[in-house]
Structure formats: C-alpha cells, structure tokens
Novice: 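Take a look at the following structure, please.
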Amino acid sequence: MPTSARRSALPGRRTMLGVVGLLAVAAACGVPQDPAPRILDASVLPEELAEPATTTTSTEAPVPRQAVSLYFVDGEGLGAPAERDLATPAGPVAALEALIAGPTEAEASGGLTSVIPAETVILSSELTNGVLRVDLAAGALEQIEGELQRLAVAQLVFTATELAGVDWLWVLIEGQPRALPTDEGDVEAPVGRVHYASLGPAGP
C-alpha cells in the first residue's frame with residue numbers, strides 16, 4: 001500500500017479505538033442493570049413518584065328523626081307539651097321512656113318537673129283498636145300515692161294519646177290491671193284525657 005494511503009487510514013483507526021475505549025468506560029461507570037424487573041418498595045421512591053394519599057369521607061345517611069310531645073308537671077297540673085326529637089320509628093315505648101327520663105335542664109329551669117319515678121320500667125306495650133296497653137314493672141308507680149299518682153298517670157295518658165292511633169291508655173302492673181286514681185275516682189280499665197281533664201294543660 002502506498003505511504004499516502006496508509007497515512008489516510010490512520011485517523012479512522014484511531015477514531016474506532018477511541019469509541020471502543022469510551023464504551024468500555026461507560027460500561028464500567030454506568031448504572032448496573034437488573035436481569036429482570038423487580039418491585040421497588042414505596043419508601044425508596046422519590047416523592048414526586050409516590051402515589052398521593054387518598055382520603056375517605058363518610059357516606060352514612062343521617063338517622064331520620066320524629067318529633068314527639070311529652071307532658072311534664074307545671075305547678076299543680078300538666079304544662080304545655082315539651083317537644084323531643086327521637087329516632088324513627090318513635091313508638092310508644094320510646095316516647096314513654098323519654099317521658100320517664102324527665103325534663104331537660106332547660107325545661108327544669110323553666111319550672112317543669114315530673115312525678116313519675118325514674119326507676120319506672122316498661123316491660124311491654126301493645127296497641128289494639130286505639131287502646132295502648134302498657135305493662136310496667138312492679139315497685140315504681142306504687143311508690144307514690146294519691147294526688148301524686150294521679151299526676152303521674154296523667155303524664156302517661158297525655159303523652160301516650162299524642163301518638164298516632166292512641167286514644168286510651170291501659171296501665172298494667174306485671175301484666176295485671178290495677179285501679180288507678182282519676183278525676184272520677186279509681187278506675188281499673190283503659191283511661192283517656194277525659195279522666196284527667198282537671199290536670200290538663202291550660203289553654204285550648
């Protein structure tokens with residue numbers, strides 16, 4: 001080969017050697033490659049690659065409420081009905097138990113009281129043809145007598161007859177009818193507001 005031809009080929013050979021050298025250095029200094037994909041722990045991911053935290057909101061529907069009227073004592077008779085919001089369906093037991101629990105602090109500060117013993121326990125109730133039979137545990141209503149017992153029964157009667165379909169209240173003690181005081185004397189039968197007209201709230 002002529003000398004001039006050999007000289008023209010040298011730069012190309014030097015270029016090839018330089019490229020091979022650079023590739024060797026890159027292979028030695030580059031990031032090692034895994035033979036197969038692997039799962040990275042979330043804790044080692046950069047912040048910008050981490051999945052944003054999700055928040056959950058409650059979708060529970062509010063419990064429906066129903067207003068009931070409770071009758072407490074104001075002076076020597078019954079006061080205007082006090083309103084309570086109870087979870088529906090607010091049946092006779094729920095309404096009467098709210099009555100037995102007594103007036104709230106706000107109602108008490110307004111002068112309302114209750115003569116129904118707080119220990120009164122309702123065993124069962126049954127509504128038939130407008131008559132609500134309420135069976136009470138023994139030992140509570142019997143604690144009070146005379147005028148106080150008449151007031152207590154009046155509270156029960158007026159509260160019960162505010163409920164839909166209830167016209168009369170029949171109070172039983174441990175499943176047995178008892179003679180209870182009314183405006184007309186002792187009655188061992190269902191009673192209504194007419195039997196406690198003298199104790200009813202003032203006004204229409």
Side-chain angles (χ1 to χ4, degrees), residues 65-204:
R65 313 292 290 181
Q66 176 183 342
V68 297
S69 299
L70 311 180
Y71 286 83
F72 296 107
V73 176
D74 185 6
E76 297 182 354
L78 302 182
E83 298 298 319
R84 287 283 194 283
D85 282 336
L86 303 180
T88 57
V93 172
L96 294 179
E97 285 181 343
L99 175 69
I100 293 170
T104 63
E105 291 185 5
E107 292 163 350
S109 65
L112 296 181
T113 61
S114 178
V115 295
I116 301 175
E119 307 82 35
T120 302
V121 175
I122 300 175
L123 299 177
S124 65
S125 70
E126 181 182 354
L127 178 60
T128 306
N129 297 327
V131 177
L132 177 64
R133 294 164 53 99
V134 175
D135 191 11
L136 304 179
L141 198 60
E142 299 96 307
Q143 294 178 15
I144 54 178
E145 299 177 350
E147 187 62 19
L148 289 181
Q149 192 178 77
R150 190 165 70 100
L151 259 177
V153 178
Q155 285 186 252
L156 294 170
V157 168
F158 274 77
T159 298
T161 52
E162 280 281 356
L163 302 172
V166 180
D167 300 314
W168 306 91
L169 177 67
W170 195 356
V171 178
L172 310 176
I173 306 295
E174 299 288 350
Q176 300 299 318
R178 298 289 180 90
L180 299 175
T182 71
D183 288 352
E184 304 169 1
D186 290 351
V187 173
E188 190 177 311
V191 292
R193 294 191 177 194
V194 64
H195 294 92
Y196 298 93
S198 67
L199 298 176

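Only a predicted model underlies this, so the values are computations on that prediction, with no experimental measurement involved.
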Novice: Looking at every non-hydrogen atom in both residues, tell me the closest pair between L148 and I144 and how far apart they are.
Specialist: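 Heavy-atom minimum between the residues: O-CD1, 3.8 Å.
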Novice: Are any side-chain N or O atoms of Q149 and backbone N or O atoms of L141, one a donor and one an acceptor, separated by less than 3.5 Å?
Specialist: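 Yes; judged by distance alone, with no hydrogens or angles, the pair exists.
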Novice: Do the non-hydrogen side-chain atoms of E174 and L123 ever get within less than 4.5 Å of each other?
Specialist: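 In contact.
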Novice: Between R150 and P181, what is the shortest heavy-atom contact and its length?
Specialist: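 Heavy-atom minimum between the residues: CG-O, 3.6 Å.
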Novice: Is the side chain of D183 donor-acceptor paired with the backbone N or O of S198 at a distance under 3.5 Å, no angle test?
Specialist: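 Yes; at least one donor-acceptor contact below 3.5 Å.
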Novice: Which pair of heavy atoms, one from P103 and one from S114, lies closest together, and at what distance?
Specialist: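 Answer, listing the atom of P103 first, then S114: CD-CB, 4.2 Å.
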Novice: What's the separation between atom CG in D167 and atom OG1 in T161, rounded to the nearest 0.5 Å?
Specialist: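 Nearest 0.5 Å value for the CG-OG1 distance: 8.5 Å.
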Novice: Distance from R193 atom CZ to E162 atom CD, nearest 0.5 Å?
Specialist: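 The distance works out to 4.5 Å.
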Novice: With the side chain counted from C-beta on, respond yes when R178 and V171 share a heavy-atom pair under 4.5 Å apart, and no when they do not.
Specialist: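 Heavy-atom side-chain distance check fails, nothing below 4.5 Å.
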Novice: Got L172 and R133 here, is their nearest side-chain heavy-atom distance under 4.5 Å?
Specialist: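 When only atoms from C-beta onward are counted, R133 and L172 do touch, with a gap below 4.5 Å.
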Novice: Hey, does the side chain of E142 reach the backbone of G139 with a donor-acceptor pair shorter than 3.5 angstrom?
Specialist: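 Pair found, side chain donor or acceptor close to backbone of G139.
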Novice: Indicate the atoms forming the closest heavy-atom contact of L163 with A95, along with that distance.
Specialist: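 It is CD2-CB, 4.0 Å.
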Novice: Sorted by first residue and then second, give each ring-ring contact (aromatic ring centres under 6.0 Å, His included) pair with at least one member in residues 100-123; sequence neighbours left out.
Specialist: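 As it turns out, there is no ring-ring contact (aromatic ring centres under 6.0 Å, His included) pair with a partner in residues 100-123 once direct neighbours are skipped.
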Novice: Give a yes or no on this: more than 12 heavy atoms of other residues, nucleotides or ligands lie within 6.0 Å of atom CD of E83.
Specialist: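 Yes, because the 6.0 Å sphere around CD of E83 holds more than 12 heavy atoms from other groups.
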Novice: How long is the gap from CD on Q143 to OG1 on T120, to the nearest 0.5 Å?
Specialist: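 One finds 7.5 Å between CD of Q143 and OG1 of T120.
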Novice: Give a yes or no on whether the backbone of S124 and the side-chain of D135 come within a donor-acceptor separation of less than 3.5 Å.
Specialist: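 Looks like no, no N/O pair under 3.5 Å.
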Novice: Kindly state each residue pair satisfying ring-ring contact (aromatic ring centres under 6.0 Å, His included) with at least one member in residues 79-112, sequence neighbours excluded.
Specialist: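 Checked against ring-ring contact (aromatic ring centres under 6.0 Å, His included) - neighbours excluded - no pair reaches residues 79-112.
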Novice: At what distance, to the nearest 0.5 angstrom, does CD1 of I100 lie from CG of L136?
Specialist: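 So the gap between those two atoms works out to 7.0 Å.
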Novice: Going by the ring-ring contact (aromatic ring centres under 6.0 Å, His included) test, which pairs reach into residues 78-133, not counting sequence neighbours?
Specialist: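 Checked against ring-ring contact (aromatic ring centres under 6.0 Å, His included) - neighbours excluded - no pair reaches residues 78-133.
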Novice: Would you indicate whether N129, at its atom CG, is surrounded by more than 12 heavy atoms from other residues, nucleotides or ligands within a distance under 6.0 Å?
Specialist: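 Open: at most 12 neighbouring heavy atoms sit under 6.0 Å from CG of N129.
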Novice: Do the side chains of Q155 and L99 get nearer than 4.5 Å, heavy atoms only?
Specialist: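 Yes, close enough: below the 4.5 Å cut-off.
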Novice: Once you round to the nearest 0.5 Å, how far does CG of L70 lie from CG of L96?
Specialist: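 That separation rounds to 8.5 Å.
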Novice: Got V194 and W168 here, is their nearest side-chain heavy-atom distance under 4.5 Å?
Specialist: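 In short, these two side chains touch, coming nearer than 4.5 Å.
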Novice: Any side-chain heavy atom of E147 within less than 4.5 Å of one from V115?
Specialist: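 No, their side chains stay 4.5 Å or more apart.
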Novice: Report yes if the side chains of V93 and V134 come closer than 4.5 Å at any heavy-atom pair, otherwise no.
Specialist: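 They are not in contact (no side-chain heavy atoms under 4.5 Å apart), so the answer is no.
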Novice: Considering non-hydrogen atoms only, spot the tightest contact between G79 and L112 and give its length.
Specialist: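 What the structure gives for the nearest pair is CA-CD2, 4.5 Å.
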Novice: Of all heavy-atom pairs between P190 and H195, which one has the smallest distance, and what is that distance?
Specialist: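 What the structure gives for the nearest pair is O-CE1, 4.2 Å.
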Novice: If you round to the nearest 0.5 Å, how far is OG1 of T159 from CD1 of I116?
Specialist: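 OG1 of T159 is found 7.0 Å from CD1 of I116.
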